[in-house]
Amino acid sequence: MIFDEPKIPKVTVLMTVYNGEQDIHKSLTSVLHQSMEDYEVVVVDDGSADRTWYVLESYAVQYPRLRIIHSSHVGRARALNLGLAHARGEYVAINDADDISLGDRLLVQATYLDEHPEAVLVGGWAQVRGDDEQVLGERRIPTDDKRLRRRLALGNPFIHSTVMYRKRALSQIGGFSEAQRAGIDYDAIERLARIGKLACVPRVVGIHFRS
């Protein structure tokens, strides 16, 4: 009997969560209802002490593209690397457990990376809301490599939930630094900027909730 090899997805959506049972419903719903078909979702439960695990299991029953990794509480950088080790996609899109990706986010950003092999990552603009759902404005950052590098010298211009990485580039820099206590994404983006170009699509791709 001949068995077909499992299809390798184009994109892996990577999410880490710690005690996120209140917010993760909206985030999971957004990444599981994308216009793109060729993707998987990998969620690392970073040792949650609430009912996050049960929420994740209820979604996994309904959505085969969702894979869950349960870990002891190891911190965000280690959790990201655990997810990255299980990611099968050519591209890795970050979605924080309290943020939302708009329906065509994956398709738009994967298309960009397909068409721009020099880019190691691509970000996007985001609508910013408060915890009460009130719209506070939009985060619009430059779209070209030169201006993004100028902004990067002053601080991280990217909201992490809008970033899609080229996986092989992340592997080349050794993934996310587990020595970092803060600015984990900023550190990774700075190191990636040394090996390729930065980019951003000029459209809102997600909703970021500011605490």
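Worth knowing before you read on, the calculation uses all heavy atoms, side chains too, and leaves out hydrogens, waters and symmetry mates.
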Nearest heavy atoms of [X] and [Y], plus distance in Å:
X: Ala79; Y: Val44; answer: O-CG2, 3.5 Å
X: Ser30; Y: Asp99; answer: OG-O, 4.4 Å
X: Leu136; Y: Arg210; answer: CD1-NH1, 4.2 Å
X: Glu178; Y: Ala77; answer: CA-CB, 3.8 Å
X: Val204; Y: Gln127; answer: CG1-N, 3.7 Å
X: Val120; Y: Gly196; answer: CG1-CA, 3.6 Å

Check: [X] side chain, [Y] main-chain N or O, donor-acceptor pair, under 3.5 Å:
X: Arg139; Y: Ile159; answer: no
X: Ser48; Y: Asp45; answer: no
X: Asp46; Y: Tyr18; answer: no
X: Thr12; Y: Val92; answer: no
X: Thr162; Y: Gly123; answer: no
X: Asp145; Y: Leu198; answer: yes
X: Thr111; Y: Leu107; answer: yes
X: Trp125; Y: Glu138; answer: no
X: Tyr39; Y: Val31; answer: yes
X: Arg191; Y: Gly175; answer: yes

Worksheet item: Given Asp38 and Lys7, is the salt bridge (Lys or Arg N to Asp or Glu O under 4.0 Å) satisfied, shown in steps?
Response: CA-CA 9 Å; Asp38 192 11; Lys7 188 175 186 299; 3.0 Å; yes
Discussion item. Looking only at side-chain N and O atoms, does Asp104 offer a donor or acceptor that is under 3.5 Å from a partner on Gln34?
Written reply: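 Absent: no donor and acceptor within the cut-off.
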Worksheet item: Is Ile94 reachable from Val41 through a run of hydrophobic residues whose side-chain heavy atoms are each under 4.5 Å from the next?
Response: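 Result: no, two separate clusters.
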Practice prompt. Indicate, with yes or no, if Val17 and Leu80 share a hydrophobic cluster defined by side-chain heavy-atom contacts under 4.5 Å among Ile, Leu, Val, Met, Phe, Trp and Tyr.
Written response: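 No, separate clusters.
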Side chains of [X] and [Y], heavy atoms from C-beta outward: is any pair under 4.5 Å?
X: Arg203; Y: Gln109; value: no
X: Tyr165; Y: Leu192; value: yes
X: Leu106; Y: Tyr91; value: no
X: Phe209; Y: Asp23; value: no
X: Met164; Y: Val11; value: yes
X: Val43; Y: Thr16; value: no

List in chain and number order the residues that pass side-chain hydrogen bond (donor to acceptor under 3.5 Å, both in side chains) with [X], two or more places apart in sequence or in another chain; answer none if no residue qualifies.
X: Ser101; value: Asn95, Arg105
X: Arg67; value: Glu40
X: Glu133; value: Arg129

Those residues that, when tested against [X], pass side-chain contact (heavy atoms from CB on, under 4.5 Å) (two or more places apart):
X: Tyr112; value: His116, Ala119, Val122, Ala199, Val201
X: Ala60; value: Leu66, Ile68
X: Asn156; value: Leu152, Phe158, Asp185, Tyr186, Ile189

Item to complete: Given salt bridge (Lys or Arg N to Asp or Glu O under 4.0 Å), test Lys167 with Glu90 step by step and report yes or no.
Response: CA-CA 6 Å; Lys167 185 186 175 186; Glu90 179 181 355; over 6 Å; no
Practice prompt. Could you grab the distance from atom CG of Leu14 to atom NE2 of His86, nearest 0.5 Å is fine?
Written response: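 Nearest 0.5 Å value for the CG-NE2 distance: 11.5 Å.
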Fill in: Interatomic spacing from OG1 in Thr52 to CG in Asp50 - rounded to 0.5 Å
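Here the rounded value is 3.5 Å.
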Worksheet item: Does Asp114 pair with Arg166 as a salt bridge, N-O distance under 4.0 Å?
Response: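 Judged by the 4.0 Å cut-off on N to carboxylate O distance, Asp114 and Arg166 do not form a salt bridge.
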